[in-house]
Colleague: 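Just dropping this structure here.
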Amino acid sequence: MSANSTDDRPTDQLDRLHNRLAEDFLGTIDVLASMVGAFERYHEGSHSHFVGYKSAETARQLGLSPTEVFAVQTAGRLHDIGKIGLPERILTRFPADLSEADFAEYARHAELGAVMLRHHNSLTTVADIVHAHHERLDGSGFPQHLKDRAIPPGAMIIAVADTFHNMMYRKGIARNEASGVPNAIRSAGSFLEASSKRYTQVMNYLEKKAGVLFHRKVVDAFTLIMETERRQLGDKLVKRVAPNYLRPGMSLAEDYYTSFGLLVAARGEALTERSIRALLRFAEDGELPAKVLVVD
Ligand SMILES: [Fe+2]
Ligand SMILES: [Fe+2]
C-alpha cells in the first residue's frame, strides 16, 4: 500500500486497522455470547445477559477502571461458555437436582470455559475470571476451592449476580416438566406474588452470606443497584403478559434478545401499535418468551 494521500498516512492506516481490530474483537465476543445464550435452557437466553450487564454495573459502582469493567462484563456474558457440549440431562436441571456423577460433570464447566477462552490472547483475564466464577470466599466453592484474595475480584462480582439470577429462577419460575411452561407465571398475579416474595428471600440470602460466601462490598453494591432499579419502577404494576395482550402505552420492564443476541425490544420502551406488531412477529418466530414483563 502506498501513502499517496493525506488520508493514507501510516498513522491513519494504523488507526483504521486498530478500530477494525477492536470492532472484530467486540463482534467475536457478541458471537460467543449468543452461542452461550442459545445453550441456556431455563433462562430463555436472559441469564448471561443479566449476569454480564449487572456485573458490569456492580464493577462500576465499586470504582473499577473501564478496562476492568469491560473484562467483568465480558466474563459475565461468557461465564457459562463451558456448558456448551454438556449433555441435555445436565443442562435442563438445576445443579442442586443433579446426581453426584452429573454434578461432577457440571462442575467442570468453569474450567472448560477458561480453557476455551485462553485460546484468545486478549481473553486471558476474562478466562481467569470465568475459571473462578463458582469459587466462594470461605473456600467452599469449586473447582479449585480458592479462598479470599486468591479469587479474582471480577469473579466475586459475577458470583453475586449469577447466584441472584439463578435463585430467582430456581423457585419462582420452576418449569412444569411435562409442558415446559413456567409454573409460577400461569397468571400475572401469581408471578407478581412469587417474584416479589422471592426477591426478598434472595436478597436476604445474599445479605446473610455476605462476608461468608460473597464479598461484603460486592453484595452491598449489587443491593444498591437492584434497590435503585426497583424504586425507579415505583409503584407501577409490573406484570407478565402474553405478547397478544400487549397494548400501546405499556412499556417493557426487560430487554428482549433473539436467540442470536439481537435486541428485539429494549427495557423502558413505550409500546406503540407498530412496535407491538413487530413484537408479535418475533413471538411467532419463537424469538420471545411465552410471556413478557411489562410495566402498565
Ligand atoms: Fe456457572
Ligand atoms: Fe451462570
Side-chain angles (χ1 to χ4, degrees), residues 29 32-59 71-98 100 102-118 123 125-137 139-146 151-175 198 202 205-206 209 213-215 218-219 222 225-226 254-255 257 259 261:
I29 291 171
L32 293 174
S34 64
M35 283 169 64
V36 178
F39 268 80
E40 287 173 9
R41 294 293 185 270
Y42 269 101
H43 309 101
E44 293 153 335
S46 69
H47 180 65
S48 313
H49 181 75
F50 178 91
V51 174
Y53 291 94
K54 279 290 175 281
S55 298
E57 268 184 72
T58 310
V72 169
Q73 177 171 311
T74 306
R77 293 176 73 194
L78 304 179
H79 71 283
D80 280 332
I81 195 169
K83 285 186 182 173
I84 291 179
L86 284 185
E88 198 69 14
R89 68 169 193 284
I90 293 180
L91 290 176
T92 49
R93 282 185 171 72
F94 276 96
D97 302 332
L98 294 172
E100 213 175 300
D102 281 350
F103 185 86
E105 196 169 349
Y106 154 83
R108 291 182 62 225
H109 79 270
E111 196 186 344
L112 287 175
V115 169
M116 289 177 190
L117 295 171
R118 283 201 186 102
L123 290 175
T125 308
V126 171
D128 291 343
I129 300 176
V130 166
H131 198 173
H133 78 272
H134 282 289
E135 302 290 356
R136 297 294 180 256
L137 210 56
S140 64
F142 64 84
Q144 299 183 94
H145 310 289
L146 299 177
I151 307 171
M156 287 269 78
I157 294 174
I158 289 172
V160 171
D162 188 35
T163 302
F164 172 86
H165 200 253
N166 281 331
M167 287 183 75
M168 284 299 288
Y169 269 82
R170 170 92 183 99
K171 214 170 174 184
I173 315 178
R175 272 170 192 281
R198 190 70 192 148
V202 175
Y205 172 82
L206 292 176
K209 298 297 179 186
L213 300 180
F214 309 109
H215 205 294
V218 175
V219 172
F222 181 79
I225 289 164
M226 296 306 291
E254 298 179 314
D255 292 333
Y257 287 79
S259 47

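What you see is a predicted model, and the numbers here were worked out from it, not measured in a lab. One-based numbering, in listed order, for ligands and for the atoms of each. Because only heavy atoms are used, hydrogens play no part in the values below, and waters and symmetry mates are left out as well, while side chains stay in.
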Colleague: Hey, what's the ring geometry for F142 with H134, parallel, tilted or perpendicular (30° and 60° as the breaks)?
Modeller: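 Because their plane-to-plane angle is under 30°, the rings of F142 and H134 count as parallel.
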
Colleague: Heavy-atom distance under 4.5 Å between the side chains of T58 and V160, does that happen here?
Modeller: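 A side-chain contact under 4.5 Å is absent here.
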
Colleague: Quick one: do E57 and K54 make a salt bridge, cutoff under 4.0 Å?
Modeller: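 Between K54 and E57 there is a salt bridge, with a charged N closer than 4.0 Å to a carboxylate O.
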
Colleague: Ring centroids only, cut at 6.0 angstrom: are H109 and H133 within range, meaning strictly under it?
Modeller: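 Between H109 and H133, the centre distance is under 6.0 Å.
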
Colleague: Test H165 against H49 for side-chain hydrogen bond (donor to acceptor under 3.5 Å, both in side chains), laying out the working first.
Modeller: CA-CA 10 Å; H165 200 253; H49 181 75; over 6 Å; no

Colleague: Counting no waters, how many protein N/O/S atoms sit under 2.8 Å from the Fe ion (ligand 1)?
Modeller: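 Near the Fe ion (ligand 1), the number of protein N, O or S atoms below 2.8 Å is 4.
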
Colleague: Report whether any nitrogen, oxygen or sulfur of H165 sits less than 2.8 Å from the Fe ion (ligand 2) (N, O or S, backbone or side chain).
Modeller: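 Within the cut-off used here (under 2.8 Å), H165 places no N, O or S atom near the Fe ion (ligand 2).
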
Colleague: Can you tell if the side chain of M167 reaches within under 4.5 Å of the side chain of R198, non-hydrogen atoms only?
Modeller: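 Heavy-atom side-chain distance check passes, below 4.5 Å.
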
